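Keep in mind that this is a model prediction, so the values were computed, not measured.
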Amino acid sequence: MSSGTRKATEQRFAERAAQARGQRWRRWLVGSLVVVLLVAIGYLFWLSPVFAVRDVEVTGSSGLTTDVIEEEQEQEIGRPLLQVDLDDLESRILERSPGAKEVTAERSWPHTINLDVTLRDPELAVATGKGTYRVLDIEGVEIGTESSAPKGVPTVTAEEGATVSEHGVKAASSMLREMPDDLRGDVSAVTVDGADQVSFRLGGTTVVWGDASSPDVKVRVIPVLLEKKPKVIDVSAPDTPVTRG
């Protein structure tokens with residue numbers, strides 16, 4: 001190999017080495033810039049106050065949950081939005097708000113948490129004997145205590161002024177759940193006796209429901225017997241129902 005050829009070869013090797021070093025340097029520079037950018041973004045969203053919570057917007061709520069939500073809101077204001085544990089926030093509100101059936105929390109950038117609250121519908125008002133009513137939903141979950149029964153919600157009382165037992169409350173709730181939708185709205189004046197036997201008014205008719213047995217038979221029999229518009233329907237023994245008046 002001549003000296004000229006050798007020098008040309010060495011020059012090509014040198015150029016390739018320089019090119020390789022340049023590529024490594026550019027890759028290192030790009031990698032460093034990416035790391036710096038990721039750190040900056042992480043700090044911006046996770047630690048800095050730039051995207052901190054400034055407001056909590058609520059839909060579907062009422063006085064049943066307002067106080068609780070305001071307290072929870074105070075805990076979240078000023079916290080970076082990305083740090084808010086939405087599942088935990090939903091759980092805290094549900095735990096502290098019996099009237100809330102479901103809570104959905106979402107981030108709304110740059111500064112807001114949106115809360116969509118689904119409330120339980122009052123379906124029964126159980127007299128406490130102290131001038132107040134325990135308000136329950138269709139599942140028997142207690143929503144709260146009111147000084148009077150909500151409008152259109154059937155009341156539950158015990159015979160002879162006694163206090164309705166928890167078994168009596170469950171019996172009344174069970175009856176209401178079994179009633180078909182087209183009749184449930186006409187139920188009123190539910191009474192529970194000492195043996196947790198249930199009676200109620202259905203329009204102008206008194207229905208003796210009895211215990212929780214055979215509800216499927218009872219709800220089939222009642223509409224048929226109502227056609228005669230009796231004063232009393234007794235389905236406590238649903239295989240042998242009785243009407244009077």
Side-chain angles (χ1 to χ4, degrees), residues 60 62 64-65 94-95 97-102 118-245:
S62 72
L64 291 173
T65 55
L94 283 173
E95 184 177 346
S97 304
K101 184 176 184 179
E102 184 177 355
T118 301
L119 298 176
R120 296 182 181 275
D121 294 321
E123 296 288 349
L124 280 177
V126 181
T128 65
K130 301 177 182 178
T132 58
Y133 291 84
R134 296 166 54 199
V135 181
L136 285 66
D137 76 346
I138 193 65
E139 298 172 356
V141 176
E142 186 169 338
I143 296 173
T145 302
E146 303 289 337
S147 58
S148 60
K151 186 177 180 179
V153 174
T155 58
V156 182
T157 57
E159 287 187 343
E160 301 177 355
T163 301
V164 183
S165 69
E166 287 304 313
H167 288 295
V169 172
K170 291 179 180 179
S173 297
S174 173
M175 174 276 297
L176 197 64
R177 284 196 299 273
E178 298 295 341
M179 293 297 292
D181 292 342
D182 58 339
L183 294 180
R184 186 181 298 155
D186 295 328
V187 173
S188 64
V190 182
T191 304
V192 182
D193 66 15
D196 299 327
Q197 303 289 299
V198 176
S199 300
F200 56 92
R201 296 284 293 176
L202 192 58
T205 301
T206 296
V207 178
V208 181
W209 177 268
D211 59 23
S213 63
S214 304
D216 54 333
V217 179
K218 293 176 181 179
V219 296
R220 288 200 304 269
V221 169
I222 289 174
V224 175
L225 298 180
L226 278 174
E227 294 177 0
K228 300 178 181 179
K229 298 183 179 179
K231 291 184 178 179
V232 178
I233 294 175
D234 189 337
V235 291
S236 56
D239 293 332
T240 55
V242 177
T243 60
R244 296 191 292 273

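When the side-chain contact (heavy atoms from CB on, under 4.5 Å) test is applied to Thr128, the partners found at least two apart in sequence or on another chain are Lys130, Thr132, Arg134. In this structure Glu95 satisfies the side-chain contact (heavy atoms from CB on, under 4.5 Å) test with no other residue, sequence neighbours excluded. In this structure, the side-chain contact (heavy atoms from CB on, under 4.5 Å) partners of Thr191, at least two apart in sequence or on a different chain, are Thr157, Glu159.
One finds the NZ atom of Lys101 at 7.5 Å from the CG atom of Asp121 (value rounded to the nearest 0.5 Å). Taking CD1 from Ile138 and CG from Leu124, the interatomic distance works out to 6.5 Å, rounded to the nearest 0.5 Å. Atom CG in Leu119 sits 11.0 Å away from atom CG in Asp137 (nearest 0.5 Å).
When all heavy atoms are compared, the tightest approach of Pro154 to Ser188 is CB-CA, 3.7 Å. Between Val164 and Ala158 the shortest heavy-atom distance is CG2-N, 3.5 Å. The minimum heavy-atom distance linking Leu183 with Pro223 is given by the pair CD1-CG, 3.9 Å. Here the shortest heavy-atom pairing between Ala100 and Leu94 reads O-CD2, 3.5 Å.
Using a 4.5 Å heavy-atom threshold, the side chains of Pro215 and Trp209 count as touching. Counting only heavy atoms from C-beta outward, the side chains of Val187 and Leu202 approach each other to under 4.5 Å.
No donor-acceptor distance shorter than 3.5 angstrom exists from the side chain of Ser174 to the backbone of Lys170, with no hydrogens or angles considered. The main-chain N or O of Pro230 is found under 3.5 Å from a side-chain atom of Thr205 such that the two form a donor-acceptor pair.
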Test log, rule side chain to side chain contact (heavy atoms under 4.5 Å, CB included), inputs Val169 and Leu136 = CA-CA 9 Å; Val169 172; Leu136 285 66; 3.3 Å; yes
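A salt bridge does not link Glu123 with Arg177: every distance from a Lys NZ or Arg NE/NH1/NH2 to an Asp or Glu carboxylate oxygen is 4.0 Å or more.
Listed by first and then second residue, the side chain to side chain donor-acceptor pair (under 3.5 Å) pairs involving residues 212-230 are Asp211-Ser213 (not counting sequence neighbours). Within the structure, every pair that satisfies the salt bridge (charged side-chain N to carboxylate O under 4.0 Å, His left out) test and touches residues 183-198, not counting sequence neighbours, is listed here: Asp181-Arg184.
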Side-chain donor/acceptor pairs under 3.5 Å, residues 231-243, sequence neighbours excluded:
{"from": "Asp234", "atom 1": "OD1", "to": "Ser236", "atom 2": "N", "distance (Å)": "2.9"}
{"from": "Asp234", "atom 1": "OD1", "to": "Ser236", "atom 2": "OG", "distance (Å)": "2.6"}

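Test Val156, Val207, Val190, Val208 against Val198 for side chain to side chain contact (heavy atoms under 4.5 Å, CB included) and you get one pass: Val190.
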